[in-house]
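What follows is a short report on a single structure.
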Amino acid sequence: MQRTTMDLWVGLFVVMGVIALMILSLKVGNLNVYNPSQSYVISGNFENIGGLKVRAPVKSAGVVVGRVTDIQFSTQTYDAVVTMSMDSRFLFPKDTFASILTSGLLGEQYIGLAAGGDETMLKDGDKIMKTNSAMVLEELIGRFLFNKATEDDSL
Amino acid sequence: MPSRLVSGIRHIGHRVIEGVWRLGVASRFFILVLLKSGTSLRRFNLVIRELYFTGVLSLIIIVVSGLFVGMVLGLQGYETLQKYGSESAVGTLVALSLVRELGPVVAALLFASRAGSAITAEIGLMKATEQLTAMGMMAVDPIARVVAPRFWSGVISMPFLAAIFSVMGVFGGYLVTVVFIGVDEGSYWSQMQSAVDFRFDIMNGFIKSCYFGVAVTAIAVFEGYDAPPTAEGVSGATTRTVVTSSLVILGLDFILTAFMFRGVS
């Protein structure tokens, strides 16, 4: 008799533990958002990646379609080579435009893809040709001040 | 004066050699426990009985402290984040600190003081009252019959306890920030979900808690088995279990964190 109630409690404990792990993966984590099992890899050269990090999302129209898997510096072209793992459900034309964007004013940076009109699609290992680097706040302010100065001169 | 100096150095050397010697015995004991685990897998009822004592009876302290740790995290996180107008990120703060660090570490510390000390005291008292010797005389291996089931029950229950701790903490943070203070519920969960990664955060936390489970229960069973068979010896062994396993948890946590989160954003 005592044995069975103990078994019940232990069973309940294990069930609670498994449920806790499931809550952690599904409710707290983002297991259901992006499943990298079926994916293809593309890369792109960016002049300046700003604060882009590995694991940053790749979004198109605001929807996560992939993740940044690697960022390397290339000594051939002296710019950053960003490798992305894309969900294979989403194919993009060859002339897709990739730019590094910021969510909100100070939020994390991600890669935004704007689809082009080419007939052929990007395959595994392909390279995105059209890229736009990150908006660096200092450069922006510098340009603004420069413009302001020339305006003042012309006046 | 020199003779006192010499005896002081000799004392330190003795302590060091003693420590190394004990570590060797502990490692040999650990291997022996692993080798003799076959019985506890075949007679799984033994493990289930111990799971009740180590896992189920630790639930209350884990659940309550998880809830309060999450509530405090939510409160403190809100206080600081609202200065920068980003109080919706409080979900991220609560979830990441719980899943990565506080869940495994605090659950393991509580587990060491709640279940680890109980295991040590139980085995130590069995040794002091010569129950272990009696088992040996009846050709029942005390390591296979007494030690291994307790070891495995701790190893199994620790990850579950850590997961339950984290979930209760996230719920506690939700309770304080969303229900009491009034942070937007949608942004609490969505910010959390976009920041917490399954592989990097949840799996690493889970792996951490597995390591802690092995460390805590290995220390607990060894201290119990190695305790001098007196009342004083058992009490000293129980204290040593809590102290050593707490230090090992914190040290191991640093090493594991350095391995897991190096180079990750």
Side-chain angles (χ1 to χ4, degrees), chain A residues 1-37 39 49-59 62-64 66-72 82 85 102-110, chain B residues 44-45 47-59 62-63 66 84-86 89 91-92 94-96 98-99 103 153 156-171 173-174 189-203 205-206 209 263-265:
Chain A
M1 195 61 204
Q2 232 244 313
R3 173 71 60 81
T4 52
T5 49
M6 196 176 275
D7 283 348
L8 178 72
W9 280 110
V10 172
L12 266 176
F13 167 67
V14 172
V15 167
M16 268 181 76
V18 171
I19 288 176
L21 279 174
M22 295 235 302
I23 290 175
L24 279 184
S25 2
L26 297 176
K27 181 91 180 165
V28 176
N30 52 2
L31 187 63
N32 47 349
V33 175
Y34 174 64
N35 178 18
S37 59
S39 62
I49 57 162
L52 188 75
K53 295 200 175 70
V54 173
R55 280 169 61 213
V58 178
K59 294 182 184 177
V63 181
V64 178
R67 279 203 191 273
V68 173
T69 52
D70 192 31
I71 298 173
Q72 293 287 339
V82 176
S85 164
T102 312
S103 53
L105 194 57
L106 298 167
E108 50 157 9
Q109 291 192 297
Y110 64 96
Chain B
F44 204 68
N45 268 334
V47 181
I48 286 179
R49 190 177 162 278
E50 295 308 323
L51 264 175
Y52 179 77
F53 289 112
T54 54
V56 177
L57 295 184
S58 306
L59 263 182
I62 290 286
V63 164
Y84 305 100
S86 50
T92 312
V94 171
L96 275 186
L98 275 168
V99 168
S153 74
I156 293 169
S157 54
M158 188 60 238
F160 289 143
L161 289 174
I164 292 170
F165 187 94
S166 296
V167 167
M168 288 317 292
V170 168
F171 180 68
Y174 168 83
W189 290 114
S190 70
Q191 291 247 357
M192 185 188 292
Q193 279 169 2
S194 64
V196 179
D197 188 79
F198 176 72
R199 246 196 71 213
F200 282 91
D201 299 323
I202 294 170
M203 278 321 282
F206 182 77
S209 58
V264 175
S265 60

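In the text below, chain A, chain B and the rest are named by the order of the sequence lines, each starting its count at 1.
Annotation: maximal heavy-atom pairing with chain A below 4.5 Å, among B:Ala89, B:Ser157, B:Gly91, occurs at B:Ser157.
Considering only residues two or more places apart in sequence or on other chains, B:Ser153 meets the side-chain hydrogen bond (donor to acceptor under 3.5 Å, both in side chains) condition with B:Thr54.
For the atom pair B:Asn45 CG and A:Met6 CE, the distance stands at 10.5 Å (nearest 0.5 Å).
Using a 4.5 Å cut-off between heavy atoms, B:Phe165 makes no contact with chain A at all. Using a 4.5 Å cut-off between heavy atoms, B:Leu51 contacts chain A through both its backbone and its side chain.
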Enumerate, atom names and distances included, each donor-acceptor pair closer than 3.5 Å involving a side-chain atom of residues 8-21 of chain A, sequence neighbours excluded.
none

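No side-chain heavy atom of B:Leu59 sits under 4.5 Å from any side-chain heavy atom of B:Phe160.
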